[in-house]
Undergrad: 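After the structure tokens below, expect a handful of questions from me.
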Amino acid sequence: MNEEKKSLNFLEQIIEEDLANGLPKEKLRFRFPPEPNGYLHIGHAASICLNFGLGLKYNAPVNLRFDDTNPAKEEQEYVDSIKYDVQWLGFKWDKELYSSDYFQQLYDWTLELIKEGKAYVDNQTSEEMAKQKGTPTEVGTNSPNRDRSVEENLELFLKMKNGEFEEGSHVLRAKIDMKHVNMHMRDPIMYRILKKRHHRTGDDWCIYPMYDWTHGESDYLEQISHSICTLEFKSHRDLYDWYVNQVYDPLKLQPKQREFARRNLSYTVMSKRKLLQLVEEKIVTAWDDPRMPTISGLRRRGYTPESIKIFSETAGISKRDNVTDVALLEHCIKDDLNKTAPRVLAVLDPVKVIITNYPEEKEEFLDANYNDYEDGFGSRAVPFSREIYIEKEDFREEANKKFFRLKLGSEVRLKNAYIIKAESCLKDENGEVTEIYCTYDDDSLSGSGTEASKRKVKGTLHWVSAKHAIKAEVRVYDRLFTDEAPDGHKDKDFKEFLNPDSLTIIDAFVEPSLKTAKNLDRFQFQRLGYFCVDKDTTSTKLVFNRTVPLRDSWAKMDN
RNA sequence: UGACCUAUGGUGUAAUGGUAGCACUCCGGUUUUUGGUAUCGUCAGUCAAGGUUCGAGUCCUUGUAGGUCAACCA
């Protein structure tokens, strides 16, 4: 009895309607059907979240089905990565299936179709067939082979199957209608000869079914109630239905294909072809380069499964072309990490500060919470000593009142430590500040409860103790492209918009507690952003990726 | 010179003939030992023209704009 009606997306509305029209709820079944020819990206995440989300919502099974009908492009590596990514996102599939599981069934059905005169072998060249296909505005013409006898078709098809023909010499076509307004209905190819080893069926077959002949039948075999795909398959729907109808048993469920708009993200590209190009041309290091919009890239960048799921949910689905602002994705990860990431201290662009009234040999271990505002994060000891590093941009010899940081003659608080006052500084021949001399208020230690510790000073800086800090490589990422829609320009190649500064490698100092951080551990480097440990980290070298910077309203004001 | 799909603030999405709402972005206020977070607020939208209706973002017509469709890819 929920009075408040949650709005449904258009696919949920279709499902609700089907349910209302008598489709039993137990018959609902979905599937996520990737082709294992590349790594999954954030666009696939939309489809994954959609299908598995429907499964959760309706308590219906969701199959993971690899659409592996083209051995020329598909590899086991991709199968493995896809399985990993889906489970990493937190979804459980009912069955792991492969279109190639159905090759025999598809073949048997094909024999029936040939016997019914609904399919024929064509041995023209692809150019000839393309010519006869017509255009969207002109009808096609029949192939001279269209009226081969059933016996001859059977014989030729058997020879195709037995490897007696060369690749490209013969195809099997469905006999539908060369004058159909829908180009896909103009005697589409059902089988082609491909003398390639398949990653699962090996050399069992040298004829492989095409997507259209495979997909609907696979959905039918698995009794998928709603076969959800992207909009570019809309015009395939007639064919999908035609094929299913050839084998449809009225006692069974007839799957229904419905289409939604693929999710695009600003400042990146989403097509597998282009992503593959970036990898192959070494523009990025790999499919999991943290600048890639792949699931594996986002994972390595520091994104959480939760943030990706919330992004998909927030962005929603529809049938409109879209370019979602990457700011929304970034908001989702910041929001998640703000709740979950421990706060630590790191200095990316260091300048030395010497606290002249702090004893030379003294060191203190200050208790610092991993999160000052939430319980349950615990704390660690942070070493403090006479010489520390702060961020270069946090010091100015002189500045106006709006500059809340360290300047000569005024005070700031060091996070979790003392209040210091800048007295003087040393500069090199270029006028660059090399050392800053400060004094500290030894009664002002954070949390000590003293009057001095409660003094309000305007700025709080992050810092690390110079002799205790450990070095770390920090990889700072910017968007991969400078254009909002790099592949949205007809006259320009998307690579013209590559951002030359998409990666900056920094030698930073981080607090010593990070020594034991493990791959994929995520932190907030206080006042800087969220960072996670990269897999390139070794026992002697720490590597961090910047997932996303913190909002910086000062940077905006300052320019 | 076709068929089909789509059109709501800068962006993404709701409103199922009955008050155009939410989120992100931008901008501003408050709080703050992160110029973060939180919180409050401002700006900003139904592609156009007709029609149906007491009432239209929604239905109809005609435009306009964008997209999809002619791989032995999926």
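What you see is a predicted model, and the numbers here were worked out from it, not measured in a lab. The chains referred to below are lettered A, B, ... by the order of the sequence lines, with proteins before strands, and numbering in each begins at 1.
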Undergrad: Any strand is fair game: report the nucleotide pairing with B:C54 by Watson-Crick or G-U wobble, both distances under 3.5 Å, or none.
TA: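 WC or wobble partner is B:G18.
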
Undergrad: Can you find an N or O donor on one side and an acceptor on the other, under 3.5 Å apart, linking the side chain of A:S446 with the base of B:U33?
TA: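 Between B:U33 and A:S446, which were checked side chain against base, a qualifying N/O pair under 3.5 Å is present.
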
Undergrad: Report yes if some heavy atom in the side chain of A:E411 is under 4.5 Å from a heavy atom in the side chain of A:Y440; otherwise report no.
TA: no

Undergrad: Between A:D101 and A:R200, is the closest basic N to carboxylate O distance under 4.0 Å?
TA: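 The answer is yes: the pair qualifies as a salt bridge.
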
Undergrad: Respond yes when some side-chain nitrogen or oxygen of A:K319 is under 4.0 Å from OP1 or OP2 of B:U6, and no when none is.
TA: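 Yes, because at least one side-chain N or O of A:K319 sits under 4.0 Å from OP1 or OP2 of B:U6.
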
Undergrad: My understanding is that a pair needs two contacts under 3.5 Å, Watson-Crick or G-U wobble. By that rule, which nucleotide pairs with B:A7?
TA: B:U64

Undergrad: Among residues 341-350 of chain A, which residues get a heavy atom nearer than 4.0 Å to RNA chain B?
TA: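 Within this stretch, A:R343 sit under 4.0 Å of the strand.
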
Undergrad: Counting only side-chain N and O atoms of A:T324, is one of them less than 4.0 Å from OP1 or OP2 of B:C24?
TA: no

Undergrad: Against A:Y191, only a single residue in A:Y208, A:Y107, A:Y120, A:F157 fulfils ring pair (Phe, Tyr, Trp, His ring centres under 6.0 Å); can you say which?
TA: A:F157

Undergrad: Knowing that exactly one of A:F531, A:Y530, A:F509 qualifies, which makes a ring pair (Phe, Tyr, Trp, His ring centres under 6.0 Å) with A:F525?
TA: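 Exactly one option meets the ring pair (Phe, Tyr, Trp, His ring centres under 6.0 Å) with A:F525, and it is A:F531.
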
Undergrad: Output the single nucleotide from B:U34, B:G12, B:C24 whose closest atom is nearest the side chain of A:Y373.
TA: B:U34

Undergrad: What I want to check is whether an N or O donor and acceptor connect the side chain of A:R551 with the base of B:G35 at under 3.5 Å.
TA: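 No.
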
Undergrad: Nearest heavy atom decides the nucleotide; on that basis, is A:N322 or A:L414 closer to the 5' end of RNA chain B?
TA: A:N322

Undergrad: For a quick check, with a 4.0 angstrom heavy-atom cut-off, what is the B/S/- contact string for nucleotides 68-74 of chain B, read 5' to 3'?
TA: -SB-BBB

